[in-house]
Structure formats: structure tokens, C-alpha cells
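Take this structure, written in C-alpha cells, and hold onto it; I'll ask about it next.
Below, chain A is the first sequence line, B the second, and so on; all start at residue 1. Scope of the values below: all heavy atoms of this structure, side chains included, with no hydrogens, waters or symmetry mates.
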Amino acid sequence: MARTLDNPLYYLANFERAMSWTGERYGDLLDERERAFLDCFNRLPPAARALLVRMVMRKGPLFRESKLAYDEIGDTRAAAAPLLAAGLVDERPALNLDQLFGLLVRSEIAQAFPGVDAALRKAEQLERLRPQWPQARCFDEWLPAARDRVYALRVGEVCDRLRLMFFGNLHQDWTEFVLADLGILRYEQVDISPASRGFGCREDIEVYLRLHACREQIEAGAIPADIPQQPLSNAWLEGRRQKLLFLAGQQQERAAEFAAARRIYAACRHEGARARHIRVLEKCGDHEQAHALAAAAWMQPENEAERQQLARMLPRLRRRVGLPPEAAPPAAAPEEFTLVLPRPVPFPGVELAARDHLWREDAPVHYVENTLINSLFGLLCWDAVFAAVPGAFFHPFHAAPADLHSADFLPRRAAAFDTCLSQLDSGAYRDTIRRRHREKSGLQSPFVYWEAIGDTLLEQALDCLPPEHLKLWFTRLLQDIRANRAGMPDLIRFDLRERRYEMIEVKGPGDRLQDNQLRWIAFCARHGMPVRVCHVRWLEQE
DNA sequence: ACACCAGAGG
DNA sequence: TTCACACGCTCCG
DNA sequence: GAGCGTGTGTCTCCTCTGGTGTCC
Ligand SMILES: [Mn+2]
Ligand SMILES: [Mn+2]
């Protein structure tokens, strides 16, 4: 209500923009239903189009006519008539009791079902009545006295498919348009060729939808039955299939269905699946197999994270199968110190307590966690991240290139990243970072945390962080963005006089270093970067 | 009477 | 649909 | 204390409102 746009039918204009964008780019891939919908939609009168878009954007698919009241549309029944005639909306849908309860308020339920205890909660009333009212009826049959109507949107799935084609995903929705218009979400504008689109063939769209349905089943706690068993030719979708298998395996593990989990993990190449497979074998008591798989993995770990996990599991598994312990390589222990502090009230968190205690005028301390280094990387490499690589950007609302987490993200932009990172050799990086910080401020980015990086922090970081270290961090990040974008220490302390820095991971009572934090600390140790772990204990106060 | 929250909105 | 912490359990030296 | 698993809070724009239930 606070913000206003000039056009009261802004949502209709946005939807029409999206439809024509999608129609232009997917002419060869649309199926009959989608084509029919677009044709039909374009022939509707404006009020009917607007009402349909309101329904598409709302929860649905069932709506009470009285709840579809819009000044800019006018009379709802008149606006709905063409939608009913075209079959886009059903005017007398059969409703089961659950659907009916979703549309009625308590007072209406009390009137319609006088026998049920009005003091019960709605869900309990539903439980009681459900056995007596198994059959579906139309709204006017349920409540003959009611003057209201119920409409059912019939084109929700078609619109979801068109939304998927437009965005290339299903987590973005049509509100992106208005949020961008209002400046609430701001996106980098990348040149998008008229041929750019998220999907290259019809089958990929169908596969995406199938995988998405499976994922929803998993999230609902169900056991997904129809995950595609064969590898997919599209690497992006194959990655999503693998992720799905991994989630299904975890689901089975949590349900203690170890045989099923074992079958799933055995066929799953997703990162981490092999380690889970070993754990499941161990939990089954199949120590020989667990050890064999772990030993084989140890010869060729898929990444550092798996190497860490294997290093913990292998000594135990060797013992289980009666092998002698192997000489363990000494784990490099990080430098540590302990603070004993009074526990502040109100309690701001252990990191802030430690920050405030360590802070000095000439050695300010910031609570940055992953935000600082990722942001500096995102600023220096802005042009490479948002380079108009074919297929990476295909609509105006990309926070990141579509292939950010694909294996060939870096190879496809090698020259651009070289150009960005080479500025760390010449000293030009400081001005580039400052300029991006100014020019791109507030734009969505997969790396830059605008709210965390103020001018003071930025200048201190540029003063005190040596470019050699920035280069090592950024290169490591580019090697594996998913794995290396997190795990950085809580605090950073800048020695303004000496132009030095130190990173400090804060650990409160009971907290321990996590795997990604250990990997980060080990990396820093290898390259002579200062990191310490600060253990905080609370001063007893009676 | 009040707190909470899901949904709607720009 | 992330990331980090809090916390409880088992096992083992 | 190490190793492991699970639960939780804070994020997803922010504000307003109608409806629910007495709390999560
Ligand atoms: Mn932290
Ligand atoms: Mn910490």
C-alpha cells in the first residue's frame, strides 16, 4: 500500500511482457496446451486477462468470488465470464470437504454443519466430519443459502510451465517484475540475445518438471517412486537428478531404511554420496564392504571434504576389519587462545562479544564470516561473473549466471577471470573494487553482500589485505565455488599501523570447528596467512 | 482481548 | 532453500 | 574428547490484514 505504480494494471502488463517474451523464444517448443493458452489469453478482454493474472499469481487454485475484488478490474462476475466460456476457469468445481474447509471461515462452518462442536479447532472439526462427508459437491450444494461463488483456476499447470521456460527455474515467480520495478530487487542488466532461453529442447522441460515433482515429494516426507534411473544427457539436469538421488538416500537413512539408502547411494555420483554410502554400510554392520569402499575412495577422493571424512572413518573401519592402525599424519593444529568474558545481557552472540572485547582504535575488528572475501571477489570479478556467455543469461532477473555451479563455469570465462585477477599483480585491483562498489551498489550478486560491506570496512580491507593473499583466496574460490565459499573465520582484525590483518574463528562453549572451517584454516596455514581460533568461556557470575 | 500467521499487495 | 551454531548421543582411550 | 547426527535460527522485500486459536 505504501508504494505506488502509475499503472494499476501493472501486473497484467508484466505478465503480457513475460508471455510475449516466452512465445518469441519458445515458438518451436510449445506444446498444444501452451499454444492454445497463449492464443486464448491474447483474445480475452482486458478485464478478463487481468482477473486471470490475479488468480495465477495468488494461492489458488480455488477462489471465492467475494475474495476476488479489485477496483481496477471492476465487476468480478463480468470479468470472469469470458474465462468461464474459454474453459480457463471452472465456475462450479466439485469440492471435497477439505477443499470446502479451505474456503470457509469458522462461522460459516458452524452454520453449514450445526452438529459439529463449534469450540473445536478447524482441523479437528474437519477430522470429525470427514468420514460423514466423503463425496465432493459443488459450493452451492454444500451451502445452498450462500450467495457467493467458487471459481477454480484450470490453467495453473500451464502457467507454471511457461514460468519455468521464462525463468529457467521454478523458485522465481512473476512478482520479480514488480519488485524490480519498485527497486526492491535490482539486477545487473546483461545483453540477452533474442535467441537466449533456459531450455533447448522440450524433453528437458518435461524432465525438469518431473525432477521437481520428485523433490516436492521428498520435501513432503514421501518416498519418491519415479526418479529417472538412467543418466540424463543434459549435464545440468543430470546434476539435479543426482542431487535428488542424494536427497532420497538421506531420506531413507533418516527413516533407518538402510538397505534402500544403500541401493540409492550405490547409484549416486553426487558429491558426498560415496561417504554416505560408506556410513550406511557401516551402520548395516557390513564392515568389510565399508572398509573396501573407503579404502578405494581414499586412493582417489572426490574432493577435500571427502578426504577429511575418510580420514576420520578409515581408522575406525580398519579396526573393525582387524587391520593394524596406520601411522596417522599429524593434523596441523591451528593456533588457539582463550578469552574468559562476562556473558553480556542482552546476549548479542559470542562472535560480537569477542569482537567487542578484541576491538582497538588502531586495530578494529569486524564480524564478517564469509561476506568479506566473497564480496571482494565478487567486486573484482564482476565483469567475469556477469559476462554475456551464451546461455548464462536469458531473462532480466538473474542474480547469477545460470551455469555458476557447473563444471565448465571457469573454463568458459577463463580469459575474463584472468583479466580480473591480473589486476592483483598490477595494483589496479583497488580502484576496480572501489568503482564496482560504487557503481554496482545494491545489485543482486552471488558473491557480494552489500549490507555487510561499508566504506570503512572496504578501505581497511584494501589497505591491510595483501594482494597475494587475495589472489590465493580468489583462485581457491574459483576452483570449487560451492565448497569454498563458506567456512571463513568469524572475525577479521586489521592492524592499521602495520597494514596487517588476522582472521579469528570464535568458538563458544560446546562449539567445535566444522569441516569447512578446518579446510579454510589448513589452506591459510599452507600459505602463511594468519588465522587463530578464539575459545570463549563465560565468567561465572553469582 | 490478544498474539500469531499465512496470504496478498505494490 | 544456505550456513553456522547448539546440543545430545555413543564410543573409546 | 572425538565422531556423528539432528534440530534451530536466520535468511528469502516489507507491510498490512483477515482469520484463527488462546500456541505452534
Ligand atoms: Mn561463524
Ligand atoms: Mn564461530
Report task. Answer yes or no: does a side-chain N or O of R512(A) lie under 4.0 Å from OP1 or OP2 of dA4(C)? Result ->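 No, R512(A) has no side-chain N/O under 4.0 Å of OP1/OP2 on dA4(C).
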Requested in this report: Among dC13(D), dA8(B), dC4(D), find the nucleotide with the atom closest to the side chain of R316(A).
Outcome: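 Nucleotide nearest to R316(A)'s side chain: dC4(D).
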**Report entry** Sugar-phosphate, base or nothing in reach of L179(A), heavy atoms under 4.0 Å
**Finding:**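 Here L179(A) touches the bases of the nucleic acid.
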Query raised in the report: D173(A) has an atom CG; how far is it from atom P of dG7(B), in whole Å?
Result: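 Rounded to whole Å, this separation is 14 Å.
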Query raised in the report: Is Y70(A) touching bases, backbone alone, or none of the nucleic acid, heavy atoms closer than 4.0 Å?
Result: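 Sugar-phosphate contact only - Y70(A) comes under 4.0 Å of backbone atoms but never of a base.
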Query - Euclidean distance, atom CG of residue D511(A) to atom C1' of dA4(C) [Å, nearest integer] - result: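 Rounded to the whole Å, the gap is 8 Å.
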Query raised in the report: When all nucleic acid strands are considered with a 4.0 Å heavy-atom cut-off, which category describes E451(A): base, sugar-phosphate, or nothing?
Result: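 Nothing: the residue E451(A), judged by heavy atoms under 4.0 Å, touches no strand.
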Query raised in the report: So what does Y11(A) touch, heavy atoms closer than 4.0 Å: a base, only the sugar-phosphate, or nothing?
Result: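 No contact at all - Y11(A) keeps every heavy atom at 4.0 Å or more from the nucleic acid.
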Report task. Among dT20(D), dC4(D), dC5(C), find the nucleotide with the atom closest to the side chain of R312(A). Result ->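 Closest of the options to the side chain of R312(A): dC4(D).
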Query raised in the report: Do W382(A) and E188(A) have side chains that get closer than 4.5 Å, going by heavy atoms?
Result: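 Of all side-chain heavy-atom pairs linking E188(A) with W382(A), at least one is under 4.5 Å.
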Query raised in the report: NA contact type, E369(A), heavy-atom cut-off 4.0 Å: base, sugar-phosphate, or nothing?
Result: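 Sugar-phosphate contact only.
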Query raised in the report: If you look at every strand shown and take non-hydrogen atoms under 4.0 Å, does G508(A) touch a base, only sugar-phosphate, or nothing?
Result: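 Here G508(A) touches no strand at all.
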Query - Verdict with reasoning, Q308(A) to E304(A), per side chain to side chain donor-acceptor pair (under 3.5 Å) - result: CA-CA 6 Å; Q308(A) 276 178 301; E304(A) 276 301 304; over 6 Å; no
Report task. Evaluate the side-chain proximity of N370(A) to R485(A): yes if any heavy-atom separation is below 4.5 Å, no if none is. Result ->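 Of all side-chain heavy-atom pairs linking N370(A) with R485(A), none is under 4.5 Å.
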Query raised in the report: Side-chain N or O of R276(A) less than 4.0 angstrom from OP1 or OP2 on dG5(D)?
Result: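 Yes, such a contact exists.
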Query - Nearest-angstrom distance from the residue atom CE of M488(A) to P of dT2(C) - result: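 It works out to 17 Å between those atoms.
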Query raised in the report: Which pair of heavy atoms, one from P93(A) and one from L62(A), lies closest together, and at what distance?
Result: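 Looking at all heavy atoms of both residues, the closest pair is CG-CD2, 4.2 Å.
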Report task. Provide the distance between the two C1' atoms, one in dT20(D) and one in dC4(D), to the nearest whole Å. Result ->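 Looking at atom C1' only, dT20(D) and dC4(D) are 41 Å apart.
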Query raised in the report: Which nucleotide sits closest to the side chain of V178(A): dC12(C), dT1(C), dG10(B)?
Result: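 The closest nucleotide is dG10(B).
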Report task. Report the nucleotide, chosen from dA8(B), dC12(C), dT2(C), that has the shortest atom-to-atom distance to any side-chain atom of K243(A). Result ->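 Closest of the options to the side chain of K243(A): dT2(C).
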Requested in this report: Would you indicate what R485(A) reaches in the nucleic acid, counting non-hydrogen atoms under 4.0 angstrom: base, sugar-phosphate, or nothing?
Outcome: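 Here R485(A) touches the backbone only, sparing every base.
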Query raised in the report: Below 4.0 angstrom from OP1 or OP2 of dC3(C), is there any side-chain N or O of N370(A)?
Result: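 No, because none of the side-chain N or O atoms of N370(A) sits under 4.0 Å from OP1 or OP2 of dC3(C).
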**Report entry** Spacing of E219(A) atom CD relative to dT2(C) atom P, expressed in whole Å
**Finding:**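 Result: 10 Å.
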Query raised in the report: What is the ring orientation for F397(A) with F167(A), classed by angle as parallel under 30°, tilted 30 to 60°, or perpendicular over 60°?
Result: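 It falls in the tilted class, 30° to 60°.
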Query - Contact under 4.0 Å: R254(A) side-chain N or O vs dG5(D) OP1/OP2 - result: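 False: R254(A) side-chain N/O out of range (4.0 Å or more) of dG5(D) OP1/OP2.
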Report task. Compare side-chain N and O positions of K67(A) against OP1 and OP2 of dG19(D) and report whether any pair is under 4.0 Å apart. Result ->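 Yes, K67(A) has a side-chain N/O under 4.0 Å of OP1/OP2 on dG19(D).
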Query raised in the report: If we take the C1' atom in both dT15(D) and dT2(C), what is their distance in whole Å?
Result: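 Straight-line distance between the two C1' atoms is 25 Å.
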Requested in this report: Using a 4.0 Å heavy-atom cut-off across all strands, classify E351(A) as base, sugar-phosphate, or nothing.
Outcome: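 Touches sugar-phosphate only.
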Query raised in the report: Considering only the P atoms, how many Å lie between dC4(B) and dG9(D), rounded to the nearest integer?
Result: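 So the two P atoms sit 14 Å from each other.
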Query raised in the report: When you measure from the side chain of H395(A) to the backbone N and O of G198(A), does any donor-acceptor pair fall under 3.5 Å?
Result: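 Between the backbone of G198(A) and the side chain of H395(A) there is no qualifying donor-acceptor contact (under 3.5 Å).
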Query raised in the report: With respect to the side chain of E505(A), which nucleotide from dC5(C), dG3(D), dC12(C) is positioned closest?
Result: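 Side chain of E505(A) sits closest to dC5(C).
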Query - Short side-chain N/O contact to dC5(C) OP1/OP2 from Q517(A), under 4.0 Å - result: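 Checking Q517(A) against dC5(C): at least one side-chain N or O falls below 4.0 Å of OP1 or OP2.
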Query raised in the report: Taking the same atom, P, in dC23(D) and in dG7(B), what whole-Å distance lies between them?
Result: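 Straight-line distance between the two P atoms is 23 Å.
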Requested in this report: Sticking with atom P, work out how far dT8(D) lies from dC5(B), rounded to a whole angstrom.
Outcome: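 Pairwise P distance, dT8(D) against dC5(B), rounds to 15 Å.
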Query raised in the report: Is K507(A) near enough to dC5(C) that one of its side-chain N or O atoms lies under 4.0 angstrom from OP1 or OP2?
Result: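 Result: yes.
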Query raised in the report: If each of I184(A) and K59(A) is mapped to the nucleotide of DNA chain B with the nearest heavy atom, which maps nearer the 5' terminus, i.e. the 5' end?
Result: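 By nearest-heavy-atom nucleotide position, the 5'-most residue is K59(A).
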Query raised in the report: Within this structure, what is the CD-to-C1' distance between Q251(A) and dG5(D), rounded to whole angstrom?
Result: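 From Q251(A) CD to dG5(D) C1': 16 Å.
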Query raised in the report: For the pair made of NE2 in H535(A) and C1' in dC5(C), what is the distance, rounded to whole Å?
Result: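 The distance from NE2 of H535(A) to C1' of dC5(C) comes to 15 Å, rounded to the nearest Å.
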Query raised in the report: OP1 or OP2 of dC23(D) less than 4.0 angstrom from a side-chain nitrogen or oxygen of R121(A), does that happen here?
Result: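 For R121(A), the contact criterion (side-chain N or O under 4.0 Å from OP1 or OP2 of dC23(D)) is not met.
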Query raised in the report: Are the side chain of D148(A) and the backbone of S66(A) linked by a donor-acceptor contact shorter than 3.5 Å?
Result: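 Yes; judged by distance alone, with no hydrogens or angles, the pair exists.
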Query raised in the report: Which nucleotide in the list dG13(C), dG9(B), dG5(D) gets nearest to the side chain of E253(A)?
Result: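 Output: dG5(D).
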Query - Touch class at under 4.0 angstrom, heavy-atom based, for M313(A) against every strand present - result: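 Counting heavy atoms under 4.0 Å across all strands, the contact made by M313(A) is with sugar-phosphate only.
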**Report entry** dG19(D) OP1/OP2 closer than 4.0 Å to side-chain N/O of R106(A)
**Finding:**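 No, outside the criterion.
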Query raised in the report: Is the backbone of N96(A) close enough, under 3.5 Å, to the side chain of Q99(A) for a donor and an acceptor to pair up by distance?
Result: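 Yes; at least one donor-acceptor contact below 3.5 Å.
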Query raised in the report: Is D286(A) salt-bridged to R262(A), going by a charged N under 4.0 Å from an acidic O?
Result: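 Judged by the 4.0 Å cut-off on N to carboxylate O distance, D286(A) and R262(A) do form a salt bridge.
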Query raised in the report: For R318(A) and dC12(C), what is the distance between atoms CZ and C1' respectively, to the nearest whole Å?
Result: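 About 18 Å, once rounded to whole Å.
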Report task. Please state how far atom NZ in K283(A) lies from atom C1' in dG5(D), giving the value in whole angstrom units. Result ->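 Between C1' of dG5(D) and NZ of K283(A): 8 Å.
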Query - Side-chain N or O of R482(A) closer than 4.0 Å to phosphate OP1/OP2 of dT2(C) - result: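 No, R482(A) has no side-chain N/O under 4.0 Å of OP1/OP2 on dT2(C).
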Query - OP1 or OP2 of dC3(C) under 4.0 Å from side-chain N/O of Q514(A) - result: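 For Q514(A), the contact criterion (side-chain N or O under 4.0 Å from OP1 or OP2 of dC3(C)) is not met.
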Query - Any strand: nucleotide that pairs with dG3(D) via Watson-Crick or wobble, under 3.5 Å - result: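 With both distances under 3.5 Å, dG3(D) matches dC9(C).
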Report task. Assign D181(A) to base, sugar-phosphate, or nothing according to its heavy-atom contacts below 4.0 angstrom with the strands shown. Result ->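 No contact.
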